[in-house]
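Shown next, in structure tokens, is the structure this report addresses.
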Amino acid sequence: MYISIVIYGLMIALLFWGSSFAKAGQLKADYLSLENSNADKGLAVIGVLLHHMSQNKAFEQTGELKFFSDIGFIFVGIFFFYSGIGLLKSLKTKPDYLKTFFKKRMLPIIIAIYVMNIFYAVFICLTKNTELNAVQWVLGLLNIIILNDQGWYPIVILIMYGAFCLAFKKCRKTSTAIFVVFLVALVQLAVFCVGGHFAWWIDYGWYKGPESFDSAKWYQQICALWFQGEWWVNSTMCFVMGLLWAHNEEKIIAFFSKKYWIKMAVLAVLTSGAMYAGFYALENISFWSEFGGRGIGRLDKTICMIAQQVQLATLLAFLTALKFKWTRTNKVLAFFNGISLEFYLMQRISLNSLLFITCNGRGHDAVAIVKDGKWNLAVYFIAVLAANILLSFVYKWCNKKVYKLIVK
């Protein structure tokens, strides 16, 4: 476990480096400053990489990075949460904010999606990592299906941005607008809980056959279409949580200004209970119940989804309230936040192109390779990190060039 210990140690060092504490009896007024929020997001994007790396066959076999295997949705939730806070605060402080919202907030993400698709199309052609027919190629380049299986986030954040923009343009009351955005997020959760991981509704009953997925069409396969995977939706409600926090910020500050540590202790207990319940549901009920002989498993998925929403709500409340007393900023986290979207969307290329270091083969057929002392796992981690940073800057440069061509 020495690799895990080293990586955990580095993450803890980044967590506390540059710490700043409030004076006794006071709350930090800058607890949600851009610098502090960016530090959280910088740490979260590193966590996302470690989450995906923990799913590597060799890391799974050795138990390295096991801590990160089930908490990827929490790191993504941090991004949604701060997006909600940032948008509402900007709306309150910047005149005519919504007039340029599409150009400044949504268009860069749309560009990032289609530039990403070109990167992954080239990667697929060079590595022959995935076999696609002509229809899949067209749909993939149009982003109707995704070429990068981790490329769901920009789609969902665009939906939430669109919901935010329309709701706050049309609704007079902030509370009403937030409720509309909540309904948009809720529909997404429901789509997965009803639809599950594959298109069972196409030629109903095909999946019950003896060969089932072996003979299914590509669009009937697991996670072939949008929202076929709990990771598409289980963090989305954090966007609404961010809106609610920003909308009620004064009341929240007033609440924690008295008997802060007692209230934090109670919140810590609630968070611990919610975390235990969420992971218990994930382990014993599961989002993947359709493969356990229980049919589509809508109830199972709904229970797990509710448990994770409570997990996220309590944890985000605890972590954000903790910032009233303790924040930190440092150059490393600021650096990673500056390339956070690019770093996230290029991960699959970095993880897969260097897979030969730890695995013989790809996908379900991959066989883990663990050298004496697990030195190749350390090499893989360093190589993926370095490659992904470099690739992120190339990708970011391409996005900026395309944006300048479109917006003159």
* Give a yes/no verdict on a cation-pi contact between Lys41 and Phe79, requiring under 6.0 Å between NZ or CZ and the six-membered ring centre and an angle within 45° of the axis. => no

* To do: With the side chain counted from C-beta on, respond yes when Val180 and Cys171 share a heavy-atom pair under 4.5 Å apart, and no when they do not.
  => yes

* Asked: Does OH belonging to Tyr280 count more than 12 external heavy atoms closer than 6.0 Å?
  -> no

* Asked: Cut-off 3.5 Å, side chains only: do Thr358 and Asn376 have a donor facing an acceptor?
  -> no

* Asked: Is Ser235 reaching over with its side chain to a backbone N or O of Val76, donor-acceptor style, under 3.5 angstrom?
  -> no

* Leu345 backbone acceptor or donor facing Gln150 side chain under 3.5 Å -> no

* Other residues, nucleotides, ligands: >12 heavy atoms within 6.0 Å of Tyr8 OH -> yes

* Counting N and O atoms only, with roles assigned by atom type, does the side chain of Tyr380 sit under 3.5 Å from a partner on the main chain of Met53, one being a donor and the other an acceptor? -> no

* Given side chain to side chain contact (heavy atoms under 4.5 Å, CB included), test Phe67 with Leu50 step by step and report yes or no. => CA-CA 9 Å; Phe67 174 79; Leu50 296 177; over 6 Å; no

* Asked: How about Met237 and Leu312: do any of their side-chain heavy atoms sit closer than 4.5 Å?
  -> no

* To do: Kindly check if the number of other-residue, nucleotide or ligand heavy atoms within 6.0 Å of NZ (Lys92) is above 12?
  => yes

* Side chain proximity check, Leu270 to Phe318, heavy atoms < 4.5 angstrom -> no

* **Closest approach of Met346 to Phe119 (non-hydrogen atoms, all atoms of both residues)** => SD-CD2, 3.7 Å

* Asked: How long is the span from the CG atom in Leu315 to the CE atom in Met241, to the nearest 0.5 Å?
  -> 10.0 Å

* Asked: If you round to the nearest 0.5 Å, how far is OG of Ser20 from CH2 of Trp326?
  -> 11.0 Å

* Does a donor on one side chain and an acceptor on the other come within less than 3.5 Å for Asn36 and Ser33? -> yes

* Asked: For Glu35 and Thr329, does a side-chain donor sit closer than 3.5 Å to a side-chain acceptor?
  -> no

* Asked: Taking side chain as C-beta onward, heavy atoms only, is Cys165 less than 4.5 Å from Phe102?
  -> no

* Asked: Does one side chain, of Gln347 or His52, offer a donor that lies under 3.5 Å from an acceptor on the other?
  -> yes

* Just by modelled atom types, is the Leu316 backbone N or O under 3.5 Å from a matching donor or acceptor in the Thr320 side chain? -> yes

* **With Tyr153, the ring pair (Phe, Tyr, Trp, His ring centres under 6.0 Å) member among Phe73, Phe80, Phe75** => Phe80

* **Chi angles and distances behind the side chain to side chain contact (heavy atoms under 4.5 Å, CB included) call for Phe123, Asn352** => CA-CA 10 Å; Phe123 175 69; Asn352 282 8; 3.8 Å; yes

* Asked: Within the side chain of Ser19, is there an N or O that forms a donor-acceptor pair under 3.5 Å with the backbone of Arg328?
  -> no

* Asked: Between Asn330 and Leu14, what is the shortest heavy-atom contact and its length?
  -> ND2-O, 3.2 Å

* To do: Indicate whether the side chain of Tyr114 and that of Asn143 have a donor and an acceptor atom separated by less than 3.5 Å.
  => no

* To do: Measure from NZ or CZ of Arg298 to the centre of the six-membered ring of Trp200 and say whether it is under 6.0 Å with the direction within 45° of the ring axis.
  => yes

* If the plane angle is over 60° it's perpendicular, under 30° parallel, otherwise tilted; pick one for Phe101 and Phe164. => tilted

* If you take all heavy atoms of Ala387 and Ser350, which pair is closest and at what distance? -> C-OG, 3.9 Å

* To do: Would you give the length of the straight line joining atom CG of Asp70 to atom CD of Gln308, rounded to the nearest 0.5 angstrom?
  => 9.0 Å

* Look up atom CZ in Phe256 and atom CG in Leu27, then write down how far apart they are to the nearest 0.5 Å. => 9.5 Å

* Structure fact -> Rounded to the nearest 0.5 Å, the CD1 atom of Ile159 sits from the CD atom of Gln188 at a distance of 4.5 Å

* Any chance you could measure Leu319, atom CG, to Asp40, atom CG, to the nearest 0.5 Å? => 8.0 Å

* Between Trp232 and Phe227, ring centroids under 6.0 Å -> yes

* For the side chain of Gln136 and the backbone of Asn133, is there at least one donor-acceptor N/O pair under 3.5 Å apart? -> yes

* Once the angle between the rings of Phe324 and Tyr31 is folded into 0 to 90°, is it parallel (under 30°), tilted (30 to 60°) or perpendicular (over 60°)? -> tilted

* Is there a side-chain contact between Arg105 and Tyr97 (heavy atoms, below 4.5 Å)? -> yes

* Assert yes or no for the condition that the ring centre distance of His197 to Phe192 is strictly below 6.0 Å. => yes

* Asked: Among Asn56, Val379, Leu377, which one satisfies side-chain contact (heavy atoms from CB on, under 4.5 Å) with Ile357?
  -> Val379

* May I ask you to check whether Phe239 and Phe81 place their ring centres under 6.0 Å from each other? => no

* Basic-acidic side-chain contact under 4.0 Å: Glu60, Lys66 -> no

* **Side chain proximity check, Asn117 to Tyr120, heavy atoms < 4.5 angstrom** => no

* To do: Using modelled atom types only, decide if a donor and an acceptor are shared between the side chain of Gln61 and the backbone of Ala368 within a distance under 3.5 Å.
  => no

* To do: For Asn248 and Leu244, indicate whether the former's side chain and the latter's backbone hold a donor-acceptor pair under 3.5 Å.
  => yes

* Asked: Is the shortest heavy-atom distance from the side chain of Lys89 to the side chain of Leu32 under 4.5 Å?
  -> yes

* Structure fact -> Nearest heavy-atom approach of Ile113 to Pro154 is CG1-CB, 3.6 Å

* So, does Glu283 use its side chain to make a donor-acceptor pair with the main chain of Phe279 at under 3.5 Å? -> no

* To do: Flag yes if more than 12 heavy atoms outside Trp218 fall under 6.0 Å of its CH2 atom; otherwise flag no.
  => yes

* Could you tell me whether Lys301 and Glu230 have a side-chain N and a carboxylate O separated by less than 4.0 Å? => no

* Test Lys57 against Cys359 for side chain to side chain contact (heavy atoms under 4.5 Å, CB included), laying out the working first. => CA-CA 7 Å; Lys57 293 283 187 180; Cys359 293; 3.6 Å; yes

* Audit row: Ser286, Asp300, side chain to side chain contact (heavy atoms under 4.5 Å, CB included) steps and yes/no -> CA-CA 6 Å; Ser286 175; Asp300 294 347; over 6 Å; no

* To do: Using the ring of Phe255 (Phe, Tyr or Trp, six-membered ring only), decide whether Lys263 places NZ or CZ under 6.0 Å from its centre and within 45 degrees of its axis.
  => yes

* Asked: For the rings on Phe213 and Tyr207, is their centre-to-centre separation under 6.0 Å?
  -> no

* To do: Assign the ring pair Phe198 / Phe291 to parallel, tilted or perpendicular, where the plane angle (0 to 90°) is split at 30° and 60°.
  => tilted

* Structure fact -> Note: Asn360 and Ile369 closest approach over all heavy atoms is N-CD1, 3.7 Å

* Asked: Do the side chains of Ile3 and Phe381 get nearer than 4.5 Å, heavy atoms only?
  -> no

* To do: Search all heavy atoms of Glu290 against all heavy atoms of Ile296 and return the closest pair with its distance.
  => CB-O, 3.8 Å

* Asked: Has the side chain of Thr327 got a donor or acceptor atom that lies under 3.5 Å from a matching backbone atom of Lys323?
  -> no

